[in-house]
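Throughout, a chain's letter reflects where its sequence line sits, starting with A, and its residues are numbered from 1. The figures here come from the full heavy-atom set of this structure, side chains too, leaving out hydrogens, waters and symmetry mates. None of the values given here were measured: they were computed from a predicted structure.
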Number of protein chains: 2
Amino acid sequence: MGNQKTINEVSRIFNSYLKSRGHRKTPERYSVLQEVFNQSSHFNVESLYLKMKNENLSISRATIYNTIELLLDSNLIKRHQFGKNIAQYEKSFEQKQHDHLICLDCDKVFEFCDPRIHQIQTSTGKLFNFNISHHALNFYGRCQELINKEYCENKGEG
Amino acid sequence: MGNQKTINEVSRIFNSYLKSRGHRKTPERYSVLQEVFNQSSHFNVESLYLKMKNENLSISRATIYNTIELLLDSNLIKRHQFGKNIAQYEKSFEQKQHDHLICLDCDKVFEFCDPRIHQIQTSTGKLFNFNISHHALNFYGRCQELINKEYCENKGEG
DNA sequence: CTTATTGCAAAGTGTTTGCATCTTA
DNA sequence: TAAGATGCAAACACTTTGCAATAAG
């Protein structure tokens, strides 16, 4: 919603990123990008690896870690840590800036937007003379709505 | 500043927490608490362990991990992840609520306060019917001030 | 044909667990 | 003296690294 991109557009971005950095175009890199594109929500390296293996794609963990770095560097994905020692990722194309609500009961992650955060970022940057490139705002708590309860039931899904 | 607590007050809090949960009072638990009390800034389990070993205190990593859980549960410390796979802790007594600025060049962490965050927390909680217990707001960027440059020089210290 | 990239396995790192030994209550 | 806590080492989970084989340009 808003500024969705097709896999072709995203490939083109990745393509020109690779070219600009003198990195080679390999089938593995594009298959990781495709898989990331298919993710509807947050994912981690292991889940991505298993998913790809399950689809009989030829890939190794090392290559996924390698490619993830390139995708981060080209701003096609974002990295998060939601209070656990596992890096979570999400694609950063096709969605507007948002932050996260994390349920401490079911680990489910919800997204929200609030323009005031950007104001705080700007004024804090000025105050500290800090060149802020990005932020992470996480609210931790317990979801209570019926609609959320549903999610809460299939605990620890991701 | 504001509501500092002495080690005696903190011990009393820990003491009554342990009693209320039926946990035993052990010298190790109190020596971890003392060490945490002595920390002026963020710390992690390994740094705490090495510091204690250096002071010839008898302690094991396992016991520190164990005690850290109790200190978290009794709200005497807070846990953070600043974008790395290492849990960072800080004492949560004797200081007011604050958030963090993380320098991507030198890994140094700065603290700031902004009351607007609490407003966002309240309205987001209402909007999602989420019972929010706490939050983490991290700004990532590069520090530029001379005063900060100093910190930046002894890279990777904390 | 040169050199970046892949993929495996080994090593690294932070954390958790199992269990025998101690110690608190 | 019984249940809980400690401490060591082994196990774990995620990530990084070394290196021979492969493939992009």
Expressed in angstrom and rounded to an integer, what is the separation of B/Y30 atom OH from D/dA5 atom P?
13 Å
A/H134 and A/Q121, any side-chain heavy atoms less than 4.5 Å apart:
no
Check whether NZ of the Lys or CZ of the Arg B/K78 lies under 6.0 Å from the centre of the six-membered ring of B/Y89 and within 45 degrees of that ring's axis.
no
Please state how far atom CG in A/L72 lies from atom P in D/dT15, giving the value in whole angstrom units.
12 Å
Do the side-chain N or O atoms of A/N66 get closer than 4.0 angstrom to the phosphate oxygens (OP1, OP2) of C/dT6?
yes
DNA chain C: A/G22 or B/I86, which has the more 5' nearest nucleotide?
A/G22
Okay, side chain of A/E69, backbone of A/Y65: is any donor-acceptor separation there less than 3.5 Å?
no
Can you check the B/F82 CZ to C/dG14 P distance for me, whole Å?
16 Å
Closest to the 5' end of DNA chain D, once B/R29 and B/N85 are matched to their nearest nucleotides, is B/R29
Roughly, in whole Å, what's the span from CZ in B/R21 to C1' in D/dG4?
17 Å
What is the separation between atom NZ on B/K84 and atom P on C/dG12, rounded to the nearest whole Å?
20 Å
Whole-Å gap separating C1' (C/dT16) and CD (B/E46):
14 Å
Those residues at least two apart in sequence (or on a different chain) that pass side chain to side chain donor-acceptor pair (under 3.5 Å) with B/S133 are none
Hydrogens and angles aside, do A/R29 and A/T63 bring a side-chain donor and acceptor to less than 3.5 Å of each other?
no
At under 4.0 Å between heavy atoms, which parts of nucleotides 17-25 of chain C does protein reach? Answer with one letter per nucleotide, 5' to 3': B base, S sugar-phosphate only, - none.
B-----BBS
Sorted by position of nearest nucleotide on DNA chain C, 5' first, the leading residue of B/R79 and A/Y49 is A/Y49
Check A/R61 with A/E46, please: is the shortest side-chain N to carboxylate O separation under 4.0 Å?
yes
Expressed in angstrom and rounded to an integer, what is the separation of A/Q88 atom CD from D/dT15 atom C1'?
15 Å
Please confirm whether the shortest side-chain N or O distance from B/S58 to OP1 or OP2 of D/dT6 is below 4.0 Å.
no
Does atom NE2 of A/H98 have more than 12 heavy-atom neighbours from other groups under 6.0 Å away?
yes
To the nearest angstrom, the CG-P distance between B/L57 and D/dG7 comes to 11 Å
Phosphate oxygens OP1/OP2 of D/dG7: is one of them under 4.0 Å from a side-chain N or O of B/T63?
yes
